[in-house]
Asks: 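Here you go, one structure.
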2 protein chains.
Amino acid sequence: MDSDARKIPSHEVTYARLRDMILFGHLAPGAPVTIQGLIGDLGAGMTPVREAIRRLTAEGALLPQGNRRVAVPELSVDLLEQVAFARLAIEPRLAELAAPKLTGAQIDRLEAIDGAVNRAIEAGKLPDYLAANHAFHFALYEAAEAPVLLDLARSLWLRAGPGLRAVIGRYGREVAPDLHRVALAAMRAGDAKALGSAIERDIQQGVDHIRQALAESH
Amino acid sequence: MDSDARKIPSHEVTYARLRDMILFGHLAPGAPVTIQGLIGDLGAGMTPVREAIRRLTAEGALLPQGNRRVAVPELSVDLLEQVAFARLAIEPRLAELAAPKLTGAQIDRLEAIDGAVNRAIEAGKLPDYLAANHAFHFALYEAAEAPVLLDLARSLWLRAGPGLRAVIGRYGREVAPDLHRVALAAMRAGDAKALGSAIERDIQQGVDHIRQALAESH
DNA sequence: GTTCAAGAAATTTGATCAAATTATTCGCCT
DNA sequence: AGGCGAATAATTTGATCAAATTTCTTGAAC
């Protein structure tokens, strides 16, 4: 029954679960991320939990609290600006690198993911939207075959995670230009520059969204 | 005697030691970074060593090897280009942010560190040079008070670490323009743009150095 | 008879857990 | 309000289990 789960180690599973909780804003900033608590919640042993916390701390998704505890960091305007700057530097480059390597099948897959994004928006399913949007960007970035830049992008999305919580619950007004469609058109045309530009504007749009949500919650 | 060391946890010490070994090229790429080996070499327990390895893996300083081991990654030309691109995007920005916040005392300290850099060069002490150069850059970057960008810079230096090993042992021909001096002049003048530009050229110079060393070792 | 290969045993190493230790925090009492 | 003590949580060690690599042996082919 559970014979299929035997191959992947427990600390990987624990890491992935905790990461997704942060990435999609399921954990409140300042939340008490305690080892003992996660042992109960995730049903894992102590060692796997410790290692998951250490990894996420190293990636900037958790913040050490002076005393020997960690918590989900509050996303201040100052931190958001740093994340925004770095994302705008790294991710358009990833898109440019991916452009010449994309196969037709990969573009089809990206178009399918983008369909899921739009369906989630129309249905008003914010969590689904966040997951699908994440999937779209990283399916594209992975095609760039640039592991260093990809790791940086992952870390930056993780740091922006707590900000998404502020977005959740706001009206799902999705903005005018659908930049994913622009990006897809650039992919089909093989235009790396245009693709990078579309991704850049898409990031700018997303960051603006978080910035507004942050400003309204004081 | 060791009463002062009681406050900082063992896994932090272990992490810092292993990190520095990678950062300054003391570990050969492909080297067998094994838990049991480090327990012996560093005299630490199993859990601290595990956590240090996990943290450094998350930061990209160590690479998982399919089987459940990790090793110091080989620095290919391709990886170096990615690191170079990201460093050129992030670090000049850190310098610009630091410029208006630098106090006279901090600039004096940076000048002192740069003195150590030059002394190490003249004495032909490569390890001392690497340590002092690292200290110079991060003393500057820390003044920017931008933790996100600072973490990214740390991760990038860590990824470039294995490349330094190729540089060690080559003739210590230090290049013409001393860009640290240019940077110090920009700091005293309070010219953020000039400081960013000096750091940018300094990075370019360092990357060129590694690139050449890499090319010569085929 | 020698060599190569396949397979099995043994050793090494990583993963997980449980217990003991140490530090921090919180409530209570003065 | 300040300090003392109990409780809670993190750190660390040691032990046990599972996986992987290496080595040794055995058999067959040349």
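By convention in this document, chain letters (A, B, ...) are assigned in the order of the sequence lines, proteins followed by strands, and residues within each chain are numbered from 1.
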Asks: Checking contacts here: which listed nucleotide (C:dT25, C:dT13, C:dA23) is nearest the side-chain heavy atoms of A:Arg69?
Replies: C:dT25

Asks: Which parts of residues 49-63 of chain A get close to DNA chain C, meaning a heavy atom less than 4.0 angstrom away?
Replies: none

Asks: Would you kindly say whether A:His11 and A:Arg55 are connected by a side-chain donor-acceptor distance under 3.5 Å?
Replies: no

Asks: Name all pairs fulfilling the side chain to side chain donor-acceptor pair (under 3.5 Å) condition that reach into residues 130-141 of chain B, sequence neighbours left out, sorted by first residue then second.
Replies: B:Glu91-B:Tyr141, B:Asn133-B:His180, B:His137-B:Tyr141, B:His137-B:Asp202

Asks: Quick one: do B:Tyr15 and B:Glu59 satisfy side-chain contact (heavy atoms from CB on, under 4.5 Å)? Show the steps, please.
Replies: CA-CA 12 Å; B:Tyr15 163 78; B:Glu59 286 172 324; 2.9 Å; yes

Asks: Taking CG from B:Leu38 and P from C:dT12, how many angstroms apart are they, rounded to a whole number?
Replies: 18 Å

Asks: From CZ of B:Arg68 over to C1' of C:dT16, roughly how many Å is that when rounded to an integer?
Replies: 11 Å

Asks: Keeping the roles fixed (side chain from A:Gln106, backbone from A:Thr103), state whether a donor-acceptor pair exists under 3.5 Å.
Replies: yes

Asks: By the 4.0 Å heavy-atom rule, please label B:Thr47 as base, sugar-phosphate, or nothing.
Replies: base

Asks: Side chain of A:His11 only, please: which of C:dA23, C:dA15, C:dT13 is the nearest?
Replies: C:dA15

Asks: D:dT16 P sits how many Å from B:Met46 CE, rounded?
Replies: 13 Å

Asks: Which nucleotide sits closest to the side chain of B:Gln36: C:dA19, C:dA15, C:dT13?
Replies: C:dT13

Asks: So, B:Glu81 and B:Arg211, do they make that salt bridge, N to O below 4.0 Å?
Replies: yes

Asks: Which of these, A:Val77, A:Leu79, A:Val72, sits in a side-chain contact (heavy atoms from CB on, under 4.5 Å) with A:Leu75?
Replies: A:Leu79

Asks: Tell me: CD of B:Gln65 to P of D:dT21, nearest whole Å?
Replies: 11 Å

Asks: Let me know the distance between CD1 of B:Ile39 and P of C:dT12, rounded to the nearest Å.
Replies: 15 Å

Asks: Taking OP1 and OP2 of C:dG14, is either one under 4.0 Å from a side-chain nitrogen or oxygen of B:Thr34?
Replies: yes

